[in-house]
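Positions are given from 1 along the sequence.
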Amino acid sequence: MIRSALLLATLAAVPLAHAAPDLATVSERSGFTATGRYDEVIKLCGAFQQAYPKQVKCFQFGTTPEGRPMMALAVTRANAFTPEAARKQKLPVTLIQGGIHAGEIDGKDAGFLAVREMLENRIAQGALDKQVLIFVPVFNVDGHERFAKWNRPNQRGPVEMGWRTTAQNFNLNRDYMKADAPEMQAMLKLVNDWDPLTYVDLHVTDGAMFQHDVSIQVEPVNSGDLEFRKAGLALRTNVIADITKEGSSPQSYYMSFVENDNPASGFRNTVYEPRFSTGYFLLRNRMSLLVETHSWKDYPTRVRITHNAIVSILNQVAAHGKEWQQLAFDADARATRIAGQPVALSYKTTDKTTMVDFQGYAYTRTMSDVSGMMMTHYDETRPQVWHVPLRDEVVDDLQVKAPGAGYVVPAAFAQMVAARLVQHGIGFRKLDRALDQVNVETFRADKATFSAGSFESHQRLTVQGTWKQEPRAVAKGSLFVPIAQPKARLVMALFEPQAPDSLLAWGEFNNAFERKEYMEEYVAEDVAREQMAKDPALAAEFRRKVESDAAFARNPHARLEFFARRHPSWDERLNLYPVMRSDTVL
């Protein structure tokens, strides 16, 4: 699968002659055909610190469910090996992670290579003087050790690789908001401690065969704080320019067809939900950069491209980090004043289309006698320009006005929610006394729809309804989560019930939308007659509904529920979202 001429060109582009033997990876030794097991990461982490004790600190930041250490390297020439030291020197922090999907392991081998070359002063001279690099070679460690050939059948190399999900079968790049996985909880603590200005997520894309070799996506560009988007756009523009000079042909959108397996359908740019890394960090007013090398390029090529991207990112942060850091802090300050303002919680791509020339290959689409559907066959010997549509106008979708003061979480849910808030580094306080008849906003669902199946171990929930003013008692031990804090957007993304990755959407409050108390039907029959006898207007309303609503008229349970809802035994908390909004500080 690996072309020898390309391999020789790659090795020339990434020279290895001066590699210290104890710092060279299995991948380098194999000519970038293989990748090492996780014990190599542990060994290299310590070896880098031993070889460069004034520039590298190797440390463990978590433990996986199968008991493996999660290792990271802090790399800098500024003697800032703790978060406190970095903050004291006002140094921007760049966190680069490989192997969140452990079969897509380019980032591990490219990262170790780039770190060593920087320490040898062969590349990115001066970059480590102006920032702290936190390098996590493998995020999904247990998945990395589910090691085998063909774990990625549509990927060219390495010979063996890890698995996409964790030992608990979590996809970590769906877990940033709900943070179920112990690995994600460890990562969020690392992020809370170091507060990286730039979070870099290294992947290998799935998809079709084409000539382009990498996509570079950054947020905030189409989302988040308007002023801070300038920093995200500059980072994306500069990195694309840098790696283009190195021979790559990058795109700024994920290169997946609008219609599966149909190149003519073109592409769509988008803003990802905050379950993904690129959708999450904009809520913290920080930048995230997604590197997606192309799976059908061979492993030497992909490692080289990822290496070049890492070098570019570190150079860009060294050159502009102070400026971008100030833009991030300014966005933090604006977030503390977001109360009462409309805030976008989701985004959509419009139908506005631009025709683009995309470097593909000749292909045919024919009916398959195996699957019974259209199949695409690519001819890599015949490069071809595809003139295809690109939908790249992204606009706000769900907009919600921020509460005047914050959110109130009832005492019954305080323990669960507090744990989530701590994981995300969000400020809150526990109320030390009960409050009677507080004027708050409550959300009652007019319609609640549970997902038909499980997704990432959750039964998700979508609701329709509105916030309305209502006096409610607030018990001692409830939580007050102020909106006036730098992570205000993240607060809203967690608590607004219709946000795509809210606690409600992930099913954390499903019990509130399940009916638990019932009136027996023989009792309900008598109750209905008693209610109509006492209230002629109610009887008339019932008759009108029977005559005008055929579905209601055919449904005996709905007919009895009409009266049950008007009985004192009806559960007034059914479909009441437990979290409240407040315009006053509690």
Side-chain angles (χ1 to χ4, degrees), residues 177-179 273-275 283 338-340 342-346 397-421 424 426 428 430-431 434-451 455 458-483 487-517 561 565 570-586:
M177 285 290 279
K178 60 185 178 65
E273 295 93 343
R275 71 191 70 161
L283 299 175
I338 211 169
V343 176
L345 296 177
S346 67
D397 188 13
L398 174 66
Q399 274 197 348
V400 177
K401 186 176 75 170
Y407 294 89
V408 183
V409 181
F413 297 90
Q415 183 176 0
M416 178 272 287
V417 173
R420 294 288 191 270
L421 297 176
H424 291 288
I426 291 171
F428 65 95
K430 182 178 289 188
L431 301 185
L435 301 171
D436 294 328
Q437 299 299 299
V438 179
N439 190 25
V440 294
E441 287 181 283
T442 59
F443 185 100
R444 291 179 183 272
D446 302 320
K447 182 178 181 181
T449 305
F450 295 101
S451 62
F455 176 57
H458 289 253
Q459 184 182 27
R460 284 176 56 85
L461 172 65
T462 57
V463 292
Q464 297 175 15
T466 56
W467 290 100
K468 296 178 182 178
Q469 290 285 338
E470 179 182 358
R472 304 288 296 189
V474 177
K476 178 182 178 180
S478 299
L479 306 182
F480 178 71
V481 186
I483 197 66
K487 297 187 182 76
R489 282 185 170 81
L490 182 54
V491 170
M492 293 186 68
L494 284 169
F495 286 127
E496 284 299 324
Q498 294 173 304
D501 284 321
S502 67
L503 293 172
L504 179 146
W506 279 110
E508 298 291 354
F509 297 105
N510 280 2
N511 260 349
F513 302 88
E514 298 172 6
R515 187 176 175 185
K516 301 299 176 76
E517 188 60 82
E561 186 176 298
R565 284 179 173 272
W570 182 259
D571 181 8
E572 68 89 21
R573 295 186 185 181
L574 178 62
N575 289 340
L576 175 66
Y577 175 41
V579 177
M580 298 166 279
R581 292 162 47 114
S582 176
D583 286 337
T584 58
V585 176
L586 303 186

Engineer: Does the side chain of L503 reach to within under 4.5 Å of the side chain of R420, using non-hydrogen atoms?
Structural biologist: yes
Engineer: One pair to check against side chain to side chain contact (heavy atoms under 4.5 Å, CB included): M492 and I483. What are the steps and the verdict?
Structural biologist: CA-CA 8 Å; M492 293 186 68; I483 197 66; 3.7 Å; yes
Engineer: Can you tell me how far OG1 of T462 sits from CG of L504, rounded to the nearest 0.5 angstrom?
Structural biologist: 9.0 Å
Engineer: M177 and L490: side chain to side chain contact (heavy atoms under 4.5 Å, CB included), yes or no, with the steps?
Structural biologist: CA-CA 9 Å; M177 285 290 279; L490 182 54; 3.6 Å; yes
Engineer: Is Q399 atom CD crowded by more than 12 heavy atoms from other residues, nucleotides or ligands, each under 6.0 Å away?
Structural biologist: yes
Engineer: To the nearest 0.5 Å, what is the distance between NZ on K468 and OG1 on T442?
Structural biologist: 8.5 Å
Engineer: Provide the full list of salt bridge (charged side-chain N to carboxylate O under 4.0 Å, His left out) pairs with a residue in residues 403-415, sequence neighbours left out, each pair given once.
Structural biologist: none
Engineer: If I compare all heavy atoms of A488 with all of I338, which pair ends up nearest, and what's the gap?
Structural biologist: CB-CG2, 3.7 Å
Engineer: State, to 0.1 Å, how close P274 and P500 come at their nearest heavy-atom pair, and which atoms those are.
Structural biologist: CD-CG, 4.4 Å
Engineer: With a 4.5 Å limit on heavy-atom distance, are the side chains of K516 and N511 in contact?
Structural biologist: yes
Engineer: Residues in ring-ring contact (aromatic ring centres under 6.0 Å, His included) with F413, at least two apart?
Structural biologist: F509
Engineer: Looking only at non-hydrogen atoms, find the nearest pair between L345 and A493 and report the distance.
Structural biologist: CD2-N, 4.1 Å
Engineer: How far apart are the C-alpha atoms of R444 and N575, what are their side-chain angles, what is the distance that settles it, and do they pass the side chain to side chain contact (heavy atoms under 4.5 Å, CB included) test?
Structural biologist: CA-CA 6 Å; R444 291 179 183 272; N575 289 340; 5.6 Å; no
Engineer: Is it true that a side-chain atom of S346 and a backbone atom of L398 form a donor plus acceptor pair closer than 3.5 Å?
Structural biologist: yes
Engineer: Taking the side chain as every heavy atom from C-beta outward, state whether V481 and F495 have any pair of such atoms under 4.5 Å apart.
Structural biologist: yes
Engineer: Restricting to salt bridge (Lys or Arg N to Asp or Glu O under 4.0 Å), what partner residues turn up for R460, sequence neighbours left out?
Structural biologist: D501
Engineer: Quick one: do E470 and R472 make a salt bridge, cutoff under 4.0 Å?
Structural biologist: yes
Engineer: Got a donor-acceptor contact below 3.5 angstrom from the Q498 side chain to the V463 backbone?
Structural biologist: yes
Engineer: Distance-only criterion, 3.5 Å: show the donor-acceptor pairs between side-chain atoms of residues 578-586 and protein atoms not counting sequence neighbours.
Structural biologist:
| from | atom 1 | to | atom 2 | distance (Å) |
| --- | --- | --- | --- | --- |
| R581 | NE | E441 | OE1 | 3.0 |
| R581 | NH1 | K401 | O | 2.9 |
| R581 | NH1 | E496 | OE2 | 2.7 |
| R581 | NH2 | K401 | O | 2.8 |
| S582 | OG | T584 | N | 3.1 |
| S582 | OG | T584 | O | 2.6 |
| S582 | OG | T584 | OG1 | 3.4 |
| D583 | OD1 | G404 | N | 2.8 |

Engineer: Is E273 salt-bridged to K178, going by a charged N under 4.0 Å from an acidic O?
Structural biologist: no
Engineer: Yes or no on side chain to side chain contact (heavy atoms under 4.5 Å, CB included) for L494 and L421, after CA distance, side-chain angles and deciding distance?
Structural biologist: CA-CA 9 Å; L494 284 169; L421 297 176; 4.3 Å; yes
Engineer: Taking only residues two or more places apart in sequence or in another chain, which ones pass side-chain hydrogen bond (donor to acceptor under 3.5 Å, both in side chains) with R565?
Structural biologist: E561
Engineer: For F455, give me all partners under ring-ring contact (aromatic ring centres under 6.0 Å, His included), at least two apart in sequence or on another chain.
Structural biologist: W506
Engineer: Which pair of non-hydrogen atoms, one from A448 and one from F513, has the smallest distance, and what is that distance?
Structural biologist: CB-CD2, 4.1 Å
Engineer: Look up atom CG in L435 and atom NZ in K476, then write down how far apart they are to the nearest 0.5 Å.
Structural biologist: 12.0 Å
Engineer: Would you call H424 and V491 a side-chain contact if the rule is heavy atoms closer than 4.5 Å?
Structural biologist: no
Engineer: Hey, are the side chains of F428 and Y407 touching, using non-hydrogen atoms and a 4.5 Å cut-off?
Structural biologist: no
Engineer: Tell me whether D571 contacts the main-chain N or O of E517 through its side chain, where contact means a donor paired with an acceptor under 3.5 Å.
Structural biologist: no
Engineer: If you look at every heavy atom in A414 and G477, which pair is closest and at what distance?
Structural biologist: CB-O, 3.5 Å
